[in-house]
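For reference, the structure discussed in these notes is given below.
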Amino acid sequence: MTEAMILFLLVLMILGSIIALESKDLLSSVIAVGAVGFMLSVIFLILCAPDIAIVQVVIEILTLIILIRVTISRDIHIVTDTRDFLPFALNIVLLFVFFMIAAEAIRNMPAFGTGVSKVAFPYLSRGLSDTGSANIVTSVILDYRAYDTLGEATVLFTALIGAITILRREAKNER
Amino acid sequence: MNDEKKISGGMSEVVKTVCNILEGFIFVFGCYIVLYGQLSPGGGFAGGVILAAVFILIMLAFGKERILKIMPRKRGAFIEALGALAFLAVAWAGLYVSGIFFKNFIPTTAASHFNLMSGGTILICNIAIALKVMAGLFLVFFVLSITRVVLEGDKLKMVKKQ
């Protein structure tokens, strides 16, 4: 049942992505991308991962607002470019190669829901007594793997520095 | 009335009223997600995004002037840097106290489990990340929406949006 629901949502996500790619109107394209994101958050909820589902929903809302506010208020509304034949054919060939490799890899994957990562079991059994955090996800990202979180914070910091530097109000030669 | 609307900017009166009612509740909900990150789903990142959404809501509903009073660009940059430095300070404090980078140096007892103050440094880290994400995402939205790219001659130029 769970797998059937996830498969259904995945097919819808693929359809939404195709609509987002093929739509000529930029606004409907952005909305289709948003629909794909919300379906992904529903998949996370079905897979019992509420932490990442919350993050997915709020980030999806925020990026949707940013995309609509920033891209739509620009003057580009309708995309009229047609695709060149050669890049399109190359894409199809690369997609086919990727699909063959992915099919081979998926055949060798463990069954749905069985973990192969040995480190997960100590986290689950000792997480509360080690860190005192009842939410195991938080105990992993801010205690066992806090170093990764520091890296992510650095990525966000660097992105913000880039955005502010490029989009600052005063041009450089006016000073 | 019409002139007043032009000066104040933002959206219609209905949107402003609803926003006035809702902004406090959304802010409290974001704080709840941040503070209870070690007990229930959520945490610094998700809560920080919700807090940033409050500021974006105010900016979209009331226009630029009001948000510049609450959170000027300088203050946003300061809060962003403060969050990043606080997170790093927790890591360095772990190194200083017990010799391990990011060591959870505040002891936890079985009695404190499932309480708000459980988890040692996790609560401090959550608050630091929430401050950082809140100010960071709001500033990204702010700088993206006040500038626009225009074609001047054959050069792209960044100008302030009217």
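Numbers restart at 1 for each chain; the letters A, B, ... are given by sequence-line order, proteins then strands. Fair warning: this is a prediction, and the values are worked out from it, not measured in the lab.
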- Give, as side chain, backbone, both or neither, the part of Ile106(B) having an atom under 4.5 angstrom from any heavy atom of chain A. neither
- Task: Please determine, among Gly37(B), Cys125(B), Gly43(B), Gly120(B), the option with the most heavy-atom pairs under 4.5 Å with chain A.
- Result: Gly37(B)
- Item | Best-contacting candidate, Ser129(A), Pro50(A), Ala53(A), Gly132(A), against chain B by heavy atom pairs under 4.5 angstrom | Gly132(A)
- chain A contact via Ile56(B) - which portion, at a heavy-atom distance below 4.5 Å: side chain
- Message: Between Asn104(B), Leu123(B), Leu88(B), who has the most heavy-atom pairs with chain A when the cutoff is under 4.5 Å?
- Response: Asn104(B)
- Item | Other residues, nucleotides, ligands: >12 heavy atoms within 6.0 Å of Tyr144(A) OH | yes
- At a heavy-atom separation under 4.5 Å, does Asn126(B) approach chain A through its side chain, its backbone, both, or neither? both
- Among Phe114(B), Phe87(B), Phe101(B), which has the most heavy-atom pairs under 4.5 Å with chain A? Phe87(B)
- Query: Between Gln38(B) and Ser133(A), which heavy-atom pair has the shortest distance, and what is it?
  - Reply: O-OG, 3.2 Å
- Message: Taking every non-hydrogen pair under 4.5 Å, which of Asp143(A), Leu128(A), Asp130(A) racks up the most with chain B?
- Response: Leu128(A)
- Item | Heavy-atom pairs under 4.5 Å with chain A, option from Ala52(B), Ser40(B), Ala91(B) with the top count | Ser40(B)
- Message: Tell me whether Phe44(A) at atom CZ has more than 12 heavy atoms from other residues, nucleotides or ligands lying less than 6.0 Å away.
- Response: yes
- Message: Does Leu86(A), at its CG atom, have more than 12 non-hydrogen atoms belonging to other residues, nucleotides or ligands within less than 6.0 Å?
- Response: no
- Side chain, backbone, both or neither: which part of Val58(A) has an atom under 4.5 Å from a heavy atom of chain B? both
- Task: Determine the sole option in Asp51(A), Thr149(A), Ile59(A), Ile141(A) for which the side-chain contact (heavy atoms from CB on, under 4.5 Å) test with Phe45(B) is passed.
- Result: Ile59(A)
- Item | In one Ile/Leu/Val/Met/Phe/Trp/Tyr side-chain cluster, 4.5 Å: Leu85(B), Leu156(A) | no
- Query: Side chain, backbone, both or neither: which part of Leu62(A) has an atom under 4.5 Å from a heavy atom of chain B?
  - Reply: side chain
- Task: Could you state whether Ile68(A) and Ile19(A) fall into the same hydrophobic cluster, counting links through intermediate Ile, Leu, Val, Met, Phe, Trp or Tyr residues with side-chain heavy atoms under 4.5 angstrom apart?
- Result: no
- Shortest non-hydrogen contact between Gly42(B) and Thr138(A), atoms and distance: O-OG1, 4.3 Å
- Message: Counting only non-hydrogen atoms closer than 4.5 Å, does Val133(B) touch chain A with its backbone (N, CA, C, O), its side chain (CB onward), both, or neither?
- Response: both
- Task: Please state whether the side chain, the backbone, both or neither of Leu139(B) comes within less than 4.5 Å of a heavy atom of chain A.
- Result: both
- Is it the case that more than 12 heavy atoms not belonging to Phe29(B) sit under 6.0 Å from its CZ atom? no
- Message: Restricting to non-hydrogen atoms, name the atom on Ala134(A) and the atom on Leu39(B) that form the minimum distance, rounded to 0.1 Å.
- Response: CB-CD2, 4.0 Å
- Using non-hydrogen atoms and a 4.5 Å limit, figure out which bit of Ala84(B) sits close to chain A: side chain, backbone, both or neither. side chain
- Find out if a path of hydrophobic residues (ILVMFWY) with successive side-chain heavy-atom gaps under 4.5 Å connects Ile122(B) to Phe105(B). no
- Item | Between CD1 on residue Ile164(A) and CD on residue Glu80(B), distance to nearest 0.5 Å | 7.5 Å
